[in-house]
Amino acid sequence: MNAFTVFAHRGAAGTEPENTLRSFRKALACGAEWVELDVHSVEGVPVVFHDNRLNRRTKGSGVISRRPLEYVLSLDAGLGERIPLLDEVLSLLSGKAGVNIELKGRRTAEPVAALLADRLSGGAWTPEHLLVSSFDPAELSRFSRLMPQIRLGALFRKAPADMGAVPPGQGLFSLHLHKRAVSAEIVDRAHGRGLRVFVYTVNDPADAARLKNMGVDGVFTDFPERFLPSRDGFPPT
Ligand code: G3P
Ligand code: MG
(Lines give C-alpha, C1' and ligand atoms only; values in the text may rest on other atoms or scores of the structure.)
(Ligands and ions follow the chains in the order given, each with its own letter.)
Protein backbone atom coordinates (compact mmCIF):
# COMPACT_ATOMS: atom_id res chain seq x y z
CA MET A 1 0.00 0.00 0.00
CA ASN A 2 1.05 3.57 -0.64
CA ALA A 3 2.10 6.00 2.06
CA PHE A 4 -1.38 7.49 1.73
CA THR A 5 -4.01 5.17 0.31
CA VAL A 6 -7.13 6.42 -1.50
CA PHE A 7 -9.96 3.87 -1.51
CA ALA A 8 -12.65 4.43 -4.13
CA HIS A 9 -15.72 4.07 -1.90
CA ARG A 10 -18.39 1.78 -3.37
CA GLY A 11 -16.48 2.46 -6.61
CA ALA A 12 -17.05 6.03 -7.71
CA ALA A 13 -20.28 6.40 -5.76
CA GLY A 14 -20.37 10.19 -6.04
CA THR A 15 -20.99 10.06 -9.78
CA GLU A 16 -22.12 6.50 -10.60
CA PRO A 17 -24.62 4.04 -9.12
CA GLU A 18 -22.78 2.78 -6.04
CA ASN A 19 -21.37 -0.74 -5.88
CA THR A 20 -22.08 -1.50 -9.56
CA LEU A 21 -19.63 -2.67 -12.21
CA ARG A 22 -20.07 0.73 -13.86
CA SER A 23 -19.01 2.42 -10.64
CA PHE A 24 -15.94 0.19 -10.31
CA ARG A 25 -14.99 0.79 -13.95
CA LYS A 26 -15.15 4.53 -13.30
CA ALA A 27 -12.96 4.09 -10.22
CA LEU A 28 -10.36 2.28 -12.33
CA ALA A 29 -10.58 4.97 -15.00
CA CYS A 30 -9.89 7.53 -12.27
CA GLY A 31 -6.69 5.69 -11.40
CA ALA A 32 -7.90 4.06 -8.21
CA GLU A 33 -5.42 1.56 -6.82
CA TRP A 34 -7.82 0.43 -4.08
CA VAL A 35 -11.58 -0.04 -4.23
CA GLU A 36 -14.00 -0.51 -1.32
CA LEU A 37 -17.24 -2.46 -1.63
CA ASP A 38 -19.94 -3.94 0.62
CA VAL A 39 -21.06 -7.57 0.62
CA HIS A 40 -24.22 -9.42 1.58
CA SER A 41 -24.87 -13.13 1.22
CA VAL A 42 -27.87 -14.16 -0.90
CA GLU A 43 -28.51 -17.90 -0.97
CA GLY A 44 -24.89 -18.24 0.17
CA VAL A 45 -23.58 -16.22 -2.80
CA PRO A 46 -21.70 -12.99 -2.01
CA VAL A 47 -23.31 -10.02 -3.79
CA VAL A 48 -22.12 -6.41 -3.76
CA PHE A 49 -24.66 -4.06 -2.19
CA HIS A 50 -24.59 -1.63 0.70
CA ASP A 51 -27.98 -1.58 2.40
CA ASN A 52 -29.74 -4.37 4.23
CA ARG A 53 -32.91 -3.45 2.37
CA LEU A 54 -33.36 -3.20 -1.37
CA ASN A 55 -35.69 -0.19 -1.57
CA ARG A 56 -33.24 2.77 -1.49
CA ARG A 57 -31.13 1.70 -4.46
CA THR A 58 -33.62 -0.36 -6.47
CA LYS A 59 -37.34 -0.65 -7.10
CA GLY A 60 -37.27 -3.96 -5.24
CA SER A 61 -38.27 -4.50 -1.64
CA GLY A 62 -37.35 -6.53 1.39
CA VAL A 63 -34.14 -7.53 3.10
CA ILE A 64 -31.60 -8.48 0.45
CA SER A 65 -30.28 -11.55 2.26
CA ARG A 66 -33.80 -13.01 2.53
CA ARG A 67 -34.75 -12.63 -1.13
CA PRO A 68 -34.06 -15.20 -3.87
CA LEU A 69 -30.85 -14.62 -5.78
CA GLU A 70 -32.76 -14.64 -9.07
CA TYR A 71 -34.97 -11.79 -7.81
CA VAL A 72 -32.01 -9.75 -6.51
CA LEU A 73 -30.19 -10.10 -9.83
CA SER A 74 -33.29 -9.02 -11.76
CA LEU A 75 -33.31 -5.55 -10.18
CA ASP A 76 -31.96 -2.33 -11.67
CA ALA A 77 -29.40 -0.80 -9.31
CA GLY A 78 -29.16 2.37 -11.42
CA LEU A 79 -28.61 3.22 -15.09
CA GLY A 80 -29.59 -0.32 -16.03
CA GLU A 81 -26.83 -1.86 -13.92
CA ARG A 82 -27.70 -4.92 -11.90
CA ILE A 83 -26.40 -5.77 -8.48
CA PRO A 84 -23.08 -7.52 -9.19
CA LEU A 85 -21.78 -10.74 -7.73
CA LEU A 86 -18.55 -10.33 -5.78
CA ASP A 87 -17.10 -12.86 -8.22
CA GLU A 88 -17.82 -10.50 -11.13
CA VAL A 89 -16.26 -7.52 -9.37
CA LEU A 90 -13.13 -9.52 -8.54
CA SER A 91 -12.83 -10.44 -12.22
CA LEU A 92 -13.11 -6.78 -13.20
CA LEU A 93 -10.54 -5.58 -10.66
CA SER A 94 -8.07 -8.47 -10.99
CA GLY A 95 -4.58 -7.18 -11.70
CA LYS A 96 -5.83 -3.58 -11.75
CA ALA A 97 -6.66 -2.60 -8.17
CA GLY A 98 -6.68 -3.96 -4.66
CA VAL A 99 -10.02 -4.51 -2.99
CA ASN A 100 -11.32 -3.81 0.49
CA ILE A 101 -14.24 -6.17 0.98
CA GLU A 102 -16.53 -4.95 3.74
CA LEU A 103 -18.50 -7.84 5.25
CA LYS A 104 -21.73 -5.88 5.63
CA GLY A 105 -24.29 -8.65 5.94
CA ARG A 106 -24.54 -11.55 8.32
CA ARG A 107 -23.00 -14.90 7.41
CA THR A 108 -20.75 -13.33 4.80
CA ALA A 109 -17.42 -14.57 6.21
CA GLU A 110 -17.78 -18.15 4.99
CA PRO A 111 -18.89 -17.52 1.38
CA VAL A 112 -16.40 -14.68 0.93
CA ALA A 113 -13.57 -16.83 2.30
CA ALA A 114 -14.54 -19.68 -0.04
CA LEU A 115 -14.52 -17.35 -3.04
CA LEU A 116 -11.21 -15.75 -2.10
CA ALA A 117 -9.60 -19.15 -1.46
CA ASP A 118 -10.58 -20.10 -4.99
CA ARG A 119 -9.20 -16.86 -6.44
CA LEU A 120 -5.96 -17.16 -4.47
CA SER A 121 -5.40 -20.77 -5.51
CA GLY A 122 -6.02 -19.83 -9.14
CA GLY A 123 -3.31 -17.16 -8.85
CA ALA A 124 -5.65 -14.35 -9.89
CA TRP A 125 -5.24 -12.61 -6.55
CA THR A 126 -2.54 -12.37 -3.90
CA PRO A 127 -3.16 -11.57 -0.22
CA GLU A 128 -1.50 -8.15 -0.38
CA HIS A 129 -4.20 -6.95 -2.77
CA LEU A 130 -6.98 -7.90 -0.35
CA LEU A 131 -8.24 -6.25 2.83
CA VAL A 132 -11.38 -7.55 4.56
CA SER A 133 -13.24 -5.32 7.02
CA SER A 134 -16.42 -5.30 9.07
CA PHE A 135 -18.28 -3.42 11.78
CA ASP A 136 -19.09 -6.86 13.20
CA PRO A 137 -16.20 -8.33 15.23
CA ALA A 138 -17.80 -11.78 15.17
CA GLU A 139 -17.86 -11.79 11.36
CA LEU A 140 -14.23 -10.64 11.30
CA SER A 141 -13.21 -13.37 13.74
CA ARG A 142 -14.93 -16.04 11.65
CA PHE A 143 -13.19 -14.75 8.55
CA SER A 144 -9.84 -14.63 10.34
CA ARG A 145 -10.13 -18.28 11.36
CA LEU A 146 -10.86 -19.28 7.78
CA MET A 147 -8.24 -17.08 6.11
CA PRO A 148 -5.56 -16.02 8.61
CA GLN A 149 -3.32 -14.88 5.77
CA ILE A 150 -5.66 -12.02 4.76
CA ARG A 151 -5.35 -8.55 6.32
CA LEU A 152 -8.29 -7.38 8.39
CA GLY A 153 -9.73 -3.95 9.08
CA ALA A 154 -11.95 -3.20 12.09
CA LEU A 155 -14.65 -0.62 11.33
CA PHE A 156 -15.93 1.88 13.88
CA ARG A 157 -18.56 4.62 13.70
CA LYS A 158 -17.35 6.04 17.02
CA ALA A 159 -13.80 6.10 18.33
CA PRO A 160 -13.13 2.95 20.35
CA ALA A 161 -12.69 4.26 23.90
CA ASP A 162 -10.09 1.63 24.51
CA MET A 163 -7.93 -0.14 22.00
CA GLY A 164 -8.90 -3.28 23.89
CA ALA A 165 -12.19 -2.99 22.00
CA VAL A 166 -10.37 -3.82 18.81
CA PRO A 167 -11.18 -7.44 18.05
CA PRO A 168 -8.27 -9.72 18.81
CA GLY A 169 -6.98 -12.28 16.38
CA GLN A 170 -4.51 -12.73 13.65
CA GLY A 171 -4.31 -10.43 10.72
CA LEU A 172 -5.68 -7.18 12.17
CA PHE A 173 -4.06 -4.59 9.94
CA SER A 174 -6.08 -1.40 10.22
CA LEU A 175 -8.74 0.64 11.97
CA HIS A 176 -11.36 2.13 9.67
CA LEU A 177 -12.86 5.14 11.44
CA HIS A 178 -15.67 7.54 10.66
CA LYS A 179 -14.24 11.00 10.04
CA ARG A 180 -15.92 12.30 13.21
CA ALA A 181 -14.27 9.53 15.23
CA VAL A 182 -10.66 10.23 14.31
CA SER A 183 -8.17 12.21 16.40
CA ALA A 184 -4.41 12.57 16.57
CA GLU A 185 -4.50 10.62 19.82
CA ILE A 186 -6.28 7.62 18.38
CA VAL A 187 -3.98 7.64 15.35
CA ASP A 188 -0.95 7.60 17.64
CA ARG A 189 -2.39 4.79 19.75
CA ALA A 190 -3.25 2.75 16.67
CA HIS A 191 0.20 3.28 15.21
CA GLY A 192 1.66 2.26 18.58
CA ARG A 193 -0.06 -1.08 18.10
CA GLY A 194 1.20 -1.37 14.54
CA LEU A 195 -2.20 -0.63 13.01
CA ARG A 196 -2.92 1.65 10.07
CA VAL A 197 -5.77 4.15 10.25
CA PHE A 198 -8.13 4.72 7.32
CA VAL A 199 -10.97 7.27 7.49
CA TYR A 200 -14.36 7.30 5.77
CA THR A 201 -15.99 9.02 3.91
CA VAL A 202 -13.81 11.97 2.87
CA ASN A 203 -14.86 13.83 -0.26
CA ASP A 204 -12.95 17.09 0.17
CA PRO A 205 -9.23 16.91 -0.68
CA ALA A 206 -8.57 19.65 1.91
CA ASP A 207 -9.98 17.37 4.60
CA ALA A 208 -7.80 14.53 3.32
CA ALA A 209 -4.72 16.78 3.52
CA ARG A 210 -5.58 17.67 7.13
CA LEU A 211 -6.02 13.99 8.00
CA LYS A 212 -2.75 13.10 6.31
CA ASN A 213 -0.99 15.72 8.45
CA MET A 214 -2.57 14.08 11.49
CA GLY A 215 -0.88 10.84 10.49
CA VAL A 216 -3.88 9.09 8.95
CA ASP A 217 -2.81 6.46 6.41
CA GLY A 218 -5.63 6.80 3.89
CA VAL A 219 -9.20 7.77 3.15
CA PHE A 220 -12.29 6.37 1.51
CA THR A 221 -13.85 8.73 -1.02
CA ASP A 222 -16.92 8.75 -3.26
CA PHE A 223 -15.02 10.99 -5.69
CA PRO A 224 -11.74 9.29 -6.61
CA GLU A 225 -11.39 11.70 -9.54
CA ARG A 226 -10.74 14.52 -7.05
CA PHE A 227 -7.84 12.68 -5.47
CA LEU A 228 -6.12 10.73 -8.22
CA PRO A 229 -4.48 11.41 -11.56
CA SER A 230 -6.68 10.04 -14.35
CA ARG A 231 -5.56 6.67 -15.70
CA ASP A 232 -7.64 6.71 -18.88
CA GLY A 233 -10.94 7.89 -20.20
CA PHE A 234 -14.50 7.50 -19.09
CA PRO A 235 -17.16 6.33 -19.91
CA PRO A 236 -15.81 2.81 -20.04
CA THR A 237 -16.36 0.48 -22.95
O1 G3P B 1 -15.62 0.80 4.69
C2 G3P B 1 -15.78 2.17 4.90
C3 G3P B 1 -17.24 2.55 4.83
O4 G3P B 1 -17.77 2.01 3.66
C5 G3P B 1 -18.03 2.07 6.01
O6 G3P B 1 -19.33 2.55 6.02
O7 G3P B 1 -21.74 2.48 5.60
O8 G3P B 1 -20.22 3.39 3.86
O9 G3P B 1 -20.26 0.95 4.33
P10 G3P B 1 -20.43 2.33 4.90
MG1 MG C 1 -18.66 0.14 3.09
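The shown structure was predicted, so the numbers you read here are calculated from the model rather than taken from an experiment. Whatever order the structure lists ligands and atoms in, that order sets their numbers, starting from 1. The first residue in the sequence is number 1, and the count goes up from there.
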Open item on the list: Check this for me: does any side-chain nitrogen of one of Arg67 and Glu43 sit under 4.0 Å from a carboxylate oxygen of the other?
Closed with: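 Judged by the 4.0 Å cut-off on N to carboxylate O distance, Arg67 and Glu43 do not form a salt bridge.
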Kindly give the atom name of the N, O or S atom of [X] closest to the Mg ion (ligand 2).
X	result
Asp38	OD1
Glu36	OE2
Glu102	OE1

Task: Nearest neighbour of atom 1 (O) of ligand 1 from the list Arg10, His9, Glu36, His50, on a heavy-atom basis - done: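 Looking at heavy atoms only, the winner is Glu36.
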Open item on the list: Does the structure place the NZ or CZ of Arg196 under 6.0 Å from the centre of the six-membered ring of Phe173, at an angle of no more than 45° from the ring's axis?
Closed with: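 No, Arg196 and Phe173 do not form such a contact.
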Open item on the list: How about CZ on Arg180, more than 12 heavy atoms from neighbouring residues, nucleotides or ligands closer than 6.0 Å, or not?
Closed with: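 No, the 6.0 Å shell around CZ holds no more than 12 heavy atoms from other groups.
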Open item on the list: Pairs of nitrogen or oxygen atoms closer than 3.5 Å, one from Asn100 and one from ligand 1: do any exist?
Closed with: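 No, Asn100 has no N/O under 3.5 Å of an N/O on ligand 1.
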Open item on the list: Using a 3.5 Å cut-off on N or O atoms only, is Lys104 in polar contact with ligand 1?
Closed with: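 Among all N and O atoms of Lys104, at least one is under 3.5 Å from an N or O of ligand 1.
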Open item on the list: Looking only at the aromatic ring of each residue, does the gap between the centers of Phe198 and Phe7 stay below 6.0 angstrom?
Closed with: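 Close enough - the centres of the two rings lie under 6.0 Å apart.
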- [ ] Measure centre to centre between the rings of His178 and Tyr200, then say whether the value is under 6.0 Å.
- [x]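 So the answer is yes for these two rings.
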TODO: May I ask you to check whether His9 and Asp222 show a side-chain donor-acceptor distance below 3.5 Å?
DONE: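 Asp222 and His9 do have a side-chain donor-acceptor pair below 3.5 Å.
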Open item on the list: Under 3.5 Å, is there a donor on one side chain and an acceptor on the other for Asp51 and His40?
Closed with: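 There is no such pair (donor and acceptor under 3.5 Å, judged by atom type) between the side chains of Asp51 and His40.
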Open item on the list: Within ligand 1, which atoms have a heavy atom of Asp38 less than 4.0 Å away?
Closed with: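 Once the distances to Asp38 are compared, the set is 9 (O).
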Task: Shortest protein contact, atom 5 (C) of ligand 1 (heavy atom only) - done: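 Here the nearest protein heavy atom works out to Glu102 OE1, 3.4 Å.
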Open item on the list: Taking 4.0 Å as the limit for heavy-atom contacts, which would you say applies to Leu155 with ligand 1: side chain only, backbone only, both, or neither?
Closed with: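 Side chain only; the backbone of Leu155 stays clear of ligand 1.
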